[in-house]
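Here is the structure we will look at.
Numbering of residues begins at 1 and proceeds along the displayed sequence.
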Amino acid sequence: MKKVLFFAVALITLSGVAQAQYKPTKGTFATELNFNPLGLIVVNAVNNTTVIDGPNFSLPMGIKGRYFLSDNLAVRVGLDFNFESTTNHDFTDPGVSPEVETIEKNSLFTFGIIPGIEYHFGNWEKTSLYCGAEIGIAMASAKRSEDDGTDKTETKGASTLGNSGFGFAFNVFTGFDYYFTKNLFVGAELGLGLNTLSTGTVETTFNGVTVEDKDYSSSFNFGFYCEPAIRLGWKF
């Protein structure tokens, strides 16, 4: 009888430990992939009308790693990258001869690294709430070209999608993780942040002749944000 009671107590204890292991503990490392499936379709809004000009493509993604210094405190580093490109084919008006096709291409690549810290709280078995802060830098590279078969223009540093530049960001945030299993989780995040962006020289080459525009600009934004992405993570 004592053995049965001992095993029953041990089973209950192990069951409680197994349940507690859904959420991370000290020394746990977790990684996650953030992606936005809606970003695979890019449209342009013109006079309140949505149109698709050409074969457009966008791939916003991010990778984040966490390490738990304690059961509640974690440091994290995020890598965010986004690539967008558009290709438009414009033709002369009907009846105009000769017919001329103008091909316009635009591309924008952005990359950022964002370290931060999180504090996790809550007594739920599978859900972990957290809040924290992060600070990061980002850079962007833009290109544009236009070719009508006679004249060709290539631009480095600017495009219809955005301009090349360097940015800085600071965010405070809150979010949650929900664990389907002891290792697999999903989540969402929102917060309040500010960011700056500075742009520099634009280099334009027309039929082999290059001209530099050294004008520069800067912008500052502050406000709430919500991560429009699916966060899929794995805890080691």
Which residues share a side-chain hydrogen bond (donor to acceptor under 3.5 Å, both in side chains) with Asp93, sequence neighbours left out = none

Might you point out which heavy atoms bring Asp148 and Thr150 nearest each other, and give the distance in Å?
-> OD1-N, 2.9 Å

Mind running side chain to side chain contact (heavy atoms under 4.5 Å, CB included) on Val100 and Asp90 for me, showing each step along the way?
-> CA-CA 8 Å; Val100 177; Asp90 295 325; over 6 Å; no

Quick one: pull up OG1 in Thr201 and CG in Asp213 and give me the separation to the nearest 0.5 Å.
-> 8.0 Å

Checking side chain to side chain contact (heavy atoms under 4.5 Å, CB included) for the pair Thr160/Glu104: CA distance, chi angles, key distance, verdict?
-> CA-CA 10 Å; Thr160 60; Glu104 179 187 350; 3.7 Å; yes

With no hydrogens and no angle check, is any side-chain donor or acceptor of Ser159 less than 3.5 Å from a backbone partner on Gly162?
-> yes

Heavy-atom nearest pair, Phe83 first then Ser107, reads CE1-CB, 4.3 Å

Kindly give the heavy-atom pair with the smallest separation between Thr28 and Phe236, and that separation in Å.
-> CG2-O, 3.5 Å

Evaluate whether atom NZ of Lys126 has more than 12 neighbouring non-hydrogen atoms of other residues, nucleotides or ligands under 6.0 angstrom away.
-> yes

Tell me the ring-ring contact (aromatic ring centres under 6.0 Å, His included) pairs involving residues 143-171, sequence neighbours left out?
-> none

Pairs flagged by ring-ring contact (aromatic ring centres under 6.0 Å, His included) wherever residues 100-121 is involved - sequence neighbours left out = Phe68-His120, His120-Tyr130

Quick check: does any side chain N or O of Ser164 sit under 3.5 Å from a backbone N or O of Ala142, one acting as donor and the other as acceptor?
-> yes

Validation row: Thr155, Val202 side chains within 4.5 angstrom (heavy atoms) = yes

Under a single-linkage definition using a 4.5 Å side-chain heavy-atom cutoff for Ile, Leu, Val, Met, Phe, Trp and Tyr, are Ile137 and Phe81 assigned to the same hydrophobic cluster?
-> yes

Which atom of Leu108 lies closest to which atom of Leu161, heavy atoms considered | CD2-O, 3.5 Å

What's the spacing between Ser85 OG and Lys105 NZ if we round to 0.5 Å?
-> 9.5 Å

Same apolar cluster (I L V M F W Y, side chains within < 4.5 Å links), Val172/Ile114 = no

Looking only at heavy atoms, which two atoms of Ser198 and Ser218 are closest? And how far apart?
-> OG-CB, 3.9 Å

For residues Thr204 and Thr210, determine if any side-chain heavy atom of one lies less than 4.5 Å from a side-chain heavy atom of the other.
-> no

Please check if Phe176 and Val186 belong to a single hydrophobic cluster, counting links between Ile, Leu, Val, Met, Phe, Trp and Tyr side chain heavy atoms closer than 4.5 Å.
-> yes

Applying salt bridge (charged side-chain N to carboxylate O under 4.0 Å, His left out), which residue pairs with at least one partner in residues 198-211 are found, sequence neighbours left out?
-> none

Straight-line distance of Asn123 CG to Lys23 NZ, nearest 0.5 Å = 6.0 Å

Would you mind reporting whether Lys64 and Val77 have side-chain heavy atoms less than 4.5 Å apart?
-> no

Cationic N near anionic O, under 4.0 Å, Glu154 to Lys143 = no

Indicate the atoms forming the closest heavy-atom contact of Ser217 with Thr199, along with that distance.
-> OG-OG1, 2.7 Å

Walk me through it: do Ile103 and Asn88 pass the test side chain to side chain contact (heavy atoms under 4.5 Å, CB included)?
-> CA-CA 6 Å; Ile103 302 175; Asn88 298 325; over 6 Å; no

Calculate, to the nearest 0.5 Å, the distance between atoms CG and OG1 belonging to Asn106 and Thr86 respectively.
-> 4.0 Å

Say you draw a straight line from CD of Glu101 to NE2 of His89; how long is it, rounded to the nearest 0.5 Å?
-> 6.0 Å

Salt bridge (charged side-chain N to carboxylate O under 4.0 Å, His left out) partners of residues 107-123, not counting sequence neighbours, each pair once = Arg66-Glu118, Arg76-Glu118

Hey, could you give me the CG/CE distance between Leu197 and Met139, rounded to the nearest 0.5 Å?
-> 12.0 Å

Write out all pairs satisfying ring-ring contact (aromatic ring centres under 6.0 Å, His included) with one or both partners inside residues 180-213, taking only residues at least two apart or from two chains.
-> Tyr178-Phe180, Tyr179-Phe185

